[in-house]
Amino acid sequence: MVTFAILEEIIMTTPFPRVIYVYDAHCGWCFGFKSNILKLKEKHGKLLEFEVLSGNMVPVENRHHIGKMASYIAEAYHRVEELTGCKFGEGYLNHILHPESSELMLSSEKPGIALTVFKQISPERSFEFAGALQDKIMVEGKDLENDDVYRELAVQFGIDAENFVASIANEEARDIAHAEFAMVKQLGITGFPCVLVQTDERKLYMIARGYTAFDDLSARLDKVLEDFRIANN
């Protein structure tokens with residue numbers, strides 16, 4: 001079993017500075033933020049370590065039908081599209097606008113487990129996978145509780161579909177994901193998206209809390225990196 005302490009040790013041994021992106025597969029603002037974080041990784045990824053963590057926005061004990069949030073999302077998604085330039089798909093909007101005919105259930109546990117499993121298989125593509133996972137629901141309207149979604153993603157990323165689905169169902173994978181959820185909670189992060197920069201074992205700088213325009217995000221990271229350079233010269 002991978003405990004919180006072991007996961008923390010693994011993360012803390014990563015070279016610094018490093019960028020930590022906390023998102024959730026069911027977070028609409030994270031969907032809108034996707035292009036900005038990928039652009040930031042493209043700009044700095046050759047020199048900095050980037051890590052994506054799942055925030056557990058909808059804990060499994062609070063799993064609920066889409067109808068619970070449908071009226072709120074039906075109004076809010078326009079604002080997300082206007083501010084971020086993203087586009088929610090008809091597949092997703094059908095659940096939002098017609099919740100009475102939807103069977104979609106929301107929980108962050110299974111997509112969170114899927115991300116932790118994928119990071120063990122292909123860590124260099126973890127951000128790409130996190131984005132593809134969101135596209136499955138936010139564009140296609142697929143149910144992230146359904147194993148077929150993960151089979152499709154496995155094919156998309158060139159990994160064995162049945163082994164991937166079996167790994168997601170593994171108790172050890174669940175423990176790793178919940179350790180990740182616990183770490184996010186310990187960091188005091190309750191809203192998403194969130195971007196942190198870690199410069200040593202205990203020092204973290206928050207450069208985004210909620211949706212943040214790319215120019216602001218990039219400028220804040222540049223400032224932290226410059227301060228880090230000065231402090232270490």
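Just so you know, these numbers use all the heavy atoms, side chains as well, and skip hydrogens, waters and symmetry mates.
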Working for side chain to side chain contact (heavy atoms under 4.5 Å, CB included), residues Ser54 and Phe181
CA-CA 7 Å; Ser54 296; Phe181 299 158; 3.8 Å; yes
Can you establish whether the number of heavy atoms outside Glu61 located under 6.0 Å from its atom CD is more than 12?
yes
Spacing of Tyr21 atom OH and Leu217 atom CG [to the nearest 0.5 Å]:
10.0 Å
Which value, rounded to the nearest 0.5 Å, describes the distance between Arg151 atom CZ and Phe164 atom CZ?
11.5 Å
Before giving the answer on side chain to side chain contact (heavy atoms under 4.5 Å, CB included), spell out for Asp143 and Val149 the whole-Å C-alpha distance, their side-chain angles and the decisive distance to 0.1 Å.
CA-CA 7 Å; Asp143 186 347; Val149 169; 5.5 Å; no
Over all atoms of both residues, closest heavy-atom pair of His65 and Gly67:
ND1-N, 2.8 Å
Do any N or O atoms from the side chain of Asp216 and from the backbone of Thr212 form a donor-acceptor pair under 3.5 angstrom?
no
Is it the case that the side chain of Ser102 and the backbone of His95 share a donor-acceptor pair, with hydrogens and angles ignored and the cut-off at 3.5 Å?
no
Closest heavy-atom contact between Lys142 and Leu104?
O-CD1, 4.2 Å
Within a strict 4.5 Å, meaning less than it, do heavy atoms of the Met206 and Val195 side chains meet?
no
Decide yes or no for Leu204 and Val197: does some side-chain heavy atom of the first lie under 4.5 Å from some side-chain heavy atom of the second?
no
Side-chain heavy-atom pair Glu100, His98 within 4.5 angstrom cut-off
yes
At what distance, to the nearest 0.5 angstrom, does CD1 of Ile66 lie from CG of Leu106?
4.0 Å
Whether the side chain of Asp24 engages the backbone of Asn56 through a donor-acceptor N/O pair (distance < 3.5 Å, no angle test) should be reported.
yes
For Asn62, does its backbone N or O pair with a side-chain atom of His64 as donor and acceptor, under 3.5 Å?
yes
So if you build clusters from Ile, Leu, Val, Met, Phe, Trp, Tyr with side-chain heavy-atom gaps below 4.5 Å, do Val139 and Leu38 land together?
yes
I need the full list of side-chain hydrogen bond (donor to acceptor under 3.5 Å, both in side chains) pairs touching residues 69-84, with sequence neighbours left out, sorted by first then second residue.
none
Donor on one side chain, acceptor on other, Ser126 and Glu128, under 3.5 Å
no
Could you tell me the separation between the CG atom of Leu48 and the CG atom of Leu225, rounded to the nearest 0.5 Å?
5.5 Å
Kindly determine whether Glu49 and Val19 satisfy side chain to side chain contact (heavy atoms under 4.5 Å, CB included), including the steps that lead there.
CA-CA 6 Å; Glu49 294 289 334; Val19 177; over 6 Å; no
Would you list the pairs meeting side-chain hydrogen bond (donor to acceptor under 3.5 Å, both in side chains) in which at least one residue belongs to residues 25-47, sequence neighbours left out?
Lys34-Asp135, Asn36-Tyr211, Lys43-Ser218
Side chains of Phe31 and Val80: closer than 4.5 Å at any heavy-atom pair?
no
Please check: side-chain N/O of Tyr150 versus main-chain N/O of Leu144, any donor-acceptor pairing under 3.5 Å?
yes
Got Pro193 and Ile37 here, is their nearest side-chain heavy-atom distance under 4.5 Å?
no
The reported gap from CG in Leu187 to CD in Gln198 (rounded to nearest 0.5 angstrom) is 8.5 Å
What closest approach, in Å, do Phe88 and Gly28 show between heavy atoms, and which atom pair accounts for it?
CZ-O, 4.0 Å
Write down the atom of Ile137, the atom of Ala25, and the distance for their closest heavy-atom approach.
CG2-O, 3.8 Å
Single-linkage hydrophobic cluster Leu221~Val22, side-chain heavy atoms < 4.5 angstrom:
no
Side chain to side chain contact (heavy atoms under 4.5 Å, CB included) between Tyr92 and Ile73, intermediate numbers included
CA-CA 11 Å; Tyr92 179 66; Ile73 298 172; 3.6 Å; yes
Can you tell me if Asn94 uses its side chain to pair, donor with acceptor, with the backbone of Glu90 under 3.5 Å?
yes
Could you check if a side-chain atom of Tyr23 sits within less than 4.5 angstrom of a side-chain atom of Leu133, using non-hydrogen atoms only?
yes
Single-linkage hydrophobic cluster, 4.5 Å side-chain cutoff, Leu83 and Phe214 together:
yes
Regarding Lys223 and Glu226, does a basic nitrogen lie under 4.0 Å from an acidic carboxylate oxygen?
no
Considering all heavy atoms of both residues, which atom of Ser107 and which atom of Arg63 are nearest to each other, and what is their separation?
CB-CG, 3.9 Å
Nearest-0.5 Å distance that lies between atom CD1 in Ile121 and atom OG in Ser167
6.0 Å
Here the pair of heavy atoms bringing Asn170 nearest to Glu172 is OD1-N, 2.7 Å
Which pairs of donor and acceptor atoms, one on a side chain in residues 109-119, lie under 3.5 Å apart (sequence neighbours left out)?
residue	atom	partner	partner atom	Å
Glu109	OE2	Arg174	NE	3.0
Glu109	OE2	His178	NE2	2.7
Lys110	NZ	Glu145	O	3.1
Lys110	NZ	Asp147	OD1	2.5
Thr116	OG1	Ile113	O	2.7
Lys119	NZ	Glu51	OE2	3.2
Lys119	NZ	Val52	O	2.7
Lys119	NZ	Glu180	OE1	2.9

Please say whether more than 12 non-hydrogen atoms of neighbouring residues, nucleotides or ligands are located less than 6.0 Å from CZ in Arg209.
no
